[in-house]
Number of protein chains: 2
Amino acid sequence: MSKELEIFIGYLKKKGLKLTVQRKIMLDVFLKTERHLSVEGLYNIAKKKDKSIGQATVFRTLKVLQDAGIAKEVDIGDGKKRYERQYGREHHDHLICVKCGVFIEAVDPRIEKLQDELCRKHGFKPQRHKMEIFGVCKKCR
Amino acid sequence: MSKELEIFIGYLKKKGLKLTVQRKIMLDVFLKTERHLSVEGLYNIAKKKDKSIGQATVFRTLKVLQDAGIAKEVDIGDGKKRYERQYGREHHDHLICVKCGVFIEAVDPRIEKLQDELCRKHGFKPQRHKMEIFGVCKKCR
DNA sequence: TTATAATTGATATTGAATTTCAATATCAAT
DNA sequence: ATTGATATTGAAATTCAATATCAATTATAA
């Protein structure tokens, strides 16, 4: 049993929610894809496992997975939200290829430190941040 | 005549587009507000100048202003796009207050440099980037 | 097994953004 | 100033992702 499933079960129990087949399928589908998929993408994969699964359930389950700390929403401003794994992952920024659409996860601790400094300079108390760099990846150049 | 109006007129002429009263109003409204307003916000202000102005025109004109390099779209992932002045402004990041919603423009050249370095490390050729820090501003703390 | 409450899929709805279309306005050439 | 080609407009319809509604179904604790 994956750590995420354990957490999911614990979260559902704690909240008085139920572990349904659809939720199990969604967690499974979500964990198996390492890419940053949209609801549509996840829905298409989930449908292959269970023809009857509905879009609404995919949206709803992704919300639950977020609340449980298993998934994280990624919004790059192109009109559709994507989801990435959250549990056990460090904070990171994204390099996004405008040609093939790949998401590269990257982080530089020095940048993080300078961001904090920038906030201090403005008397600003940071809670979370987001950094996305759009460009062309190694393969597409 | 503002530099932006000059540019706007030049852009329109170059593209075979027309300088209409609505476009003049929109540029005026856009330049007068220093805040990061959504279409709705700009629309409400524009309507005070000309009751008959339509939402579609506001959307359309903001697109033209972007193409002309006068306005810049800002999408912080809350479902509605905002617009800021672009012409004559340097690149900057945003500190966004989750309490009062203020946008603080900030930049640290060292961060910019490290971002380039991060891209190089991944064989990634950057085109543009976006950094937003959400938190609580000085006044709201 | 049963009672209860959460969950489901289908469908309707929302809200931002875009498109359509007939009427109107702009502007270069006269 | 007038004309004509063409861009533009506002209103309304449409798109699209995301959310809400609801009757039927299912999970779970007793």
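Computed from a prediction, not measured in an experiment: that's the story for all the values here.
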*Asks:* What residues, two or more places apart in sequence or in another chain, satisfy side chain to side chain donor-acceptor pair (under 3.5 Å) together with A:Glu4?
*Replies:*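 Side chain to side chain donor-acceptor pair (under 3.5 Å) list for A:Glu4, sorted by chain: A:Arg85.
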
*Asks:* Rounded to the nearest angstrom, tell me the gap between atom CG in A:Asp50 and atom P in C:dT7.
*Replies:*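 Atom-to-atom, A:Asp50 to C:dT7, this comes out as 17 Å.
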
*Asks:* Taking only residues two or more places apart in sequence, or in another chain, which ones meet A:Lys32 in a side chain to side chain contact (heavy atoms under 4.5 Å, CB included)?
*Replies:*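 With sequence neighbours excluded, A:Lys32 shows a side chain to side chain contact (heavy atoms under 4.5 Å, CB included) to A:Asp28, A:Lys49, given in chain and number order.
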
*Asks:* A:Ile25 has an atom CD1; how far is it from atom P of C:dT8, in whole Å?
*Replies:* 10 Å

*Asks:* Got B:His94 and B:Lys130 here, is their nearest side-chain heavy-atom distance under 4.5 Å?
*Replies:* no

*Asks:* What's the CD1-P distance between B:Ile76 and C:dA16, to the nearest Å?
*Replies:*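 After rounding, the reported distance stands at 14 Å.
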
*Asks:* Would you call B:Asp93 and B:Ile133 a side-chain contact if the rule is heavy atoms closer than 4.5 Å?
*Replies:* no

*Asks:* Can you run through DNA chain C from 5' to 3' and write each base as (, ), [, ], | or . depending on how it pairs? Watson-Crick or G-U wobble, both distances under 3.5 Å.
*Replies:* ||||||||||||||||||||||||||||||

*Asks:* Are A:Glu34 and A:Arg89 ion-paired here, with the side-chain N under 4.0 Å from a carboxylate O?
*Replies:* yes

*Asks:* Taking only residues two or more places apart in sequence or in another chain, which ones pass side chain to side chain donor-acceptor pair (under 3.5 Å) with B:Gln127?
*Replies:* none

*Asks:* Between A:Arg82 and A:Glu73, is there a side-chain N and carboxylate O pair less than 4.0 Å apart?
*Replies:* no

*Asks:* So A:Cys119 and B:Leu95, do their side chains get closer than 4.5 Å, heavy atoms only?
*Replies:* yes

*Asks:* Sugar-phosphate means primed atoms, P, OP1 and OP2; the rest is base. With that split, encode nucleotides 13-21 of chain D 5' to 3' as B, S or - using protein heavy atoms under 4.0 Å.
*Replies:* ----SBBBB

*Asks:* Look at all strands and tell whether A:Ser38 reaches a base, only sugar-phosphate, or nothing, counting heavy atoms closer than 4.0 Å.
*Replies:*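 Result for A:Ser38 = nothing.
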
*Asks:* Taking B:His122 for the side chain and B:Arg120 for the main chain, is one N or O donor matched with an acceptor at less than 3.5 Å?
*Replies:*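 No; zero donor-acceptor contacts below 3.5 Å.
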
*Asks:* To the nearest angstrom, how far is B:Leu62 atom CG from C:dT18 atom P?
*Replies:*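 Rounding to the nearest Å, CG of B:Leu62 and P of C:dT18 are 10 Å apart.
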
*Asks:* In residues 7-23 of chain B, which residues come under 4.0 Å of DNA chain D by heavy atom?
*Replies:* B:Gly16, B:Leu17, B:Lys18, B:Thr20, B:Gln22, B:Arg23

